[in-house]
There are 2 protein chains.
Amino acid sequence: MSTVSIKDIARVAKVSHSTVSRALHNSPLVSRETAERIRRIAEEMGYRPSAVARSLVTRKTKTIGVVVTTIADPFIAEVVSGIEEVANDHGYSVFLANSNADPDREIKVVHSFHERRVDGILVTASRVGALYMNHLSEMKVPIVLINNQHPGEFVHSVMIDNVTASRTATEHLIQLGHRHIAYIGDQFGYQSDTERFAGYRQALERSGLTFQPELVVHGDGKPEGGMRAMERLLALAPPPTAVFCYNDMTALGALRVARMRGLRVPEDISLVGFDDLFIASYTEPPLTTIRQPKRQMGRQAMALLLQLLNGENSQQTIWVQGELIIRASTAPPRKEEAYAHPRS
Amino acid sequence: MSTVSIKDIARVAKVSHSTVSRALHNSPLVSRETAERIRRIAEEMGYRPSAVARSLVTRKTKTIGVVVTTIADPFIAEVVSGIEEVANDHGYSVFLANSNADPDREIKVVHSFHERRVDGILVTASRVGALYMNHLSEMKVPIVLINNQHPGEFVHSVMIDNVTASRTATEHLIQLGHRHIAYIGDQFGYQSDTERFAGYRQALERSGLTFQPELVVHGDGKPEGGMRAMERLLALAPPPTAVFCYNDMTALGALRVARMRGLRVPEDISLVGFDDLFIASYTEPPLTTIRQPKRQMGRQAMALLLQLLNGENSQQTIWVQGELIIRASTAPPRKEEAYAHPRS
DNA sequence: CTCATGGCTGCACACGTTTCCAATCATTGG
DNA sequence: CCAATGATTGGAAACGTGTGCAGCCATGAG
């Protein structure tokens, strides 16, 4: 009673509900005058069509599901922001669900999306388990992954070119004169970590620098892990003159430890991050890092999904390039150190 | 055909679809054996009930709409994270929509939520226009506002006690010996800014310090505004020995300018923020600030909404208290300054 | 004037559930 | 043995919308 339906309008306008439906869709099948009259009445009665009833018959909900590890991650939040923007512009609403990287919750989320009959799914999670993937594919709905590498056949994705980006980052350090460059990775086994590490090694090789295993340590993608890793690096003799970090969060921890140990950045040690989070410009010193076009990636992922929803068969994966943003956390090494560890 | 319905199961089980419906709801009206048989068949056929069909008849969608200015704001992201957590735990899915503080978009969003027949709405936006509010109320659905003051009758909200919190923050500076304390506000006219300013003045008054209008400047809630404001403050003669900022983002800008001017924090000037964003612990020095229990506020807001959805009439507004987190950006003023501007 | 044509309109069904009501069947007490 | 009772089950309507199909009316051609 509180909500007015198409039949209520029909009663008032003294026509059938079919005519109302057609009038509201600007169908050419209904005469101009009646159409206008009906539209006016609908307006006056404050009619809002029921998306749920419409979805039932059209078998399209105009909704998409977005699953993220946690929306509290600033990287993810930016991506989602981009997704939501283009989704909204095309009349799609987005369901947001945090998985907290908990397998049980992930499955619950996917089932929920399935029951809600979302038209498509976007996933931004650090890693997608095979089991999870199966559940996803069960519902026969287009899926786009963001920064997720998975061998699955039917999935599409937009991904950053990790190895090129980290090679660029490392080369930047090499060009500054560093020869003793460390890498603080993410937890072992993550695809993106492996790729960034590969870029780091490529840069070393191309410059003829020998790879030193002790200069590679692992964090956890968060400041705490960066701190622990940095402490291990600084305990080395000699310690590195530059550190390339898996991401900005890791760099944040590394930076803090450097300062606690009384080291000046970049005079005593250079630091490079990855992601270019908002904070990267406000650290002391501002952080040199690789920029991921986060919002843009969200937009592209949604655009790709829209193509799939329209039945256009599009490319399987979209690659985006990172951009080296040089700020103040990198500088040439101190002279004596540069000469102490020459090219080998 | 790809999706299996209740009728498909009925056909296989050789019963009516009503029985299937009942069996899947564990209704006592259906015999144990048939119920179990039906459930087994449903399981085998990979049945997932259609939430949209169900919603049509039950007139409940088990969805809520969350409108935020932008999910890219770390404060908001944390709140949303809390919302989503308890929503999910209670079987509700959340629609996320960014308004970007654009009135047109706000209205579009509300209409979209209306058409989707969400059961309730949560709003985390800096300011809700009256017009917008009207559109919201039109749909006769419970609404909970977070950190939004609005005189509306029917709305519920969870809010931080801004004046107590900022009084506490300012008192902290006074207790350290500061007598020349500035306030960098948000853009003029915002409710929360007014309240935080009020707390600042209360603290001054209670300590018998005279309020100096030139020590109050306005930013924009972002680092850029904080930078501009801080520059104006440092041009004063004498400049303040301590600055209380509207929020951490503002403090970030203020901190940067202080360092650019060669001032040491906290030795030369103390800084206090508000919010306790994640970054507050990783600035140099770590920022003294007021912690808002962001995730908790999201949880409480959703819990309040759930009460409303269950028809329980609950309190109109929930107040939460901020907590002073003392880190390293505040310290006693330098001696000569403390004496140079004694209590008046 | 008659018939065909075209422009509008209404009827009926479908989408997938839930739920009220009636019907069937077996069981039990009298 | 009959009636009443209780346990199961099926039929049908409803939720709000979209749409194929048939029907109605007016108009114009022959």
Considering heavy-atom distances to DNA chain D, does B:S16 or A:S50 have its closest nucleotide positioned more toward the 5' end? B:S16

Closer to the 5' end of DNA chain D via nearest nucleotide, is it B:E33 or A:T19?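 It is B:E33 whose nearest nucleotide is closer to the 5' end.
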
Rounded to the nearest angstrom, tell me the gap between atom [atom1] in [X] and atom [atom2] in [N].
{"X": "A:K7", "N": "C:dC11", "atom1": "NZ", "atom2": "P", "answer": "12 Å"}
{"X": "B:L56", "N": "D:dA13", "atom1": "CG", "atom2": "P", "answer": "17 Å"}
{"X": "A:R37", "N": "C:dC8", "atom1": "CZ", "atom2": "P", "answer": "14 Å"}
{"X": "B:K60", "N": "D:dC15", "atom1": "NZ", "atom2": "P", "answer": "16 Å"}
{"X": "B:K62", "N": "C:dT17", "atom1": "NZ", "atom2": "C1'", "answer": "16 Å"}
{"X": "B:I9", "N": "C:dT17", "atom1": "CD1", "atom2": "P", "answer": "8 Å"}
{"X": "A:L24", "N": "D:dG16", "atom1": "CG", "atom2": "C1'", "answer": "13 Å"}
{"X": "A:L29", "N": "D:dG18", "atom1": "CG", "atom2": "P", "answer": "14 Å"}

Are B:R105 and A:D89 close enough for a salt bridge, meaning some N to O gap below 4.0 Å? yes

Is a salt bridge present between B:R32 and B:E36, judged by a nitrogen-to-oxygen distance below 4.0 Å?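 Result for this pair is yes, salt bridge flagged.
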
End-to-end axis angle, where each axis spans five pairs of the helix from C:dC1-D:dG30 to C:dG30-D:dC1, to 10°: 60°

If you measure only the distance, is there a donor-acceptor pair under 3.5 Å linking the side chains of [X] and [Y]?
{"X": "B:T63", "Y": "B:R116", "value": "no"}
{"X": "A:N162", "Y": "A:Q191", "value": "no"}
{"X": "A:S21", "Y": "A:S18", "value": "no"}
{"X": "A:S55", "Y": "A:R117", "value": "no"}

Would you say a side-chain N or O of [X] is under 4.0 Å from OP1 or OP2 of [N]?
{"X": "A:R59", "N": "C:dA14", "result": "no"}
{"X": "B:R54", "N": "C:dT18", "result": "yes"}
{"X": "A:T34", "N": "C:dT9", "result": "yes"}
{"X": "B:S31", "N": "D:dT9", "result": "yes"}

Counting any heavy atom closer than 4.0 Å, what does [X] reach on the DNA or RNA strands: base, sugar-phosphate only, or nothing?
{"X": "A:S21", "value": "base"}
{"X": "B:V15", "value": "sugar-phosphate"}
{"X": "B:S5", "value": "sugar-phosphate"}
{"X": "B:V30", "value": "sugar-phosphate"}
{"X": "B:H17", "value": "base"}
{"X": "B:S18", "value": "base"}

Only one of A:R299, A:Q292, A:K294 clears side chain to side chain donor-acceptor pair (under 3.5 Å) with A:Q296; which? A:R299

Atom CD of B:E43: over 12 foreign heavy atoms under 6.0 Å: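 Counting other residues, nucleotides and ligands, CD of B:E43 stays at 12 neighbours or fewer.
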
Would you state whether a donor and an acceptor, one from the side chain of B:R48 and one from the base of C:dG16, lie under 3.5 Å apart?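 Absent.
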
Decide yes or no, distance alone: a donor-acceptor N/O pair under 3.5 angstrom between the base of C:dG10 and the side-chain of A:R22. yes

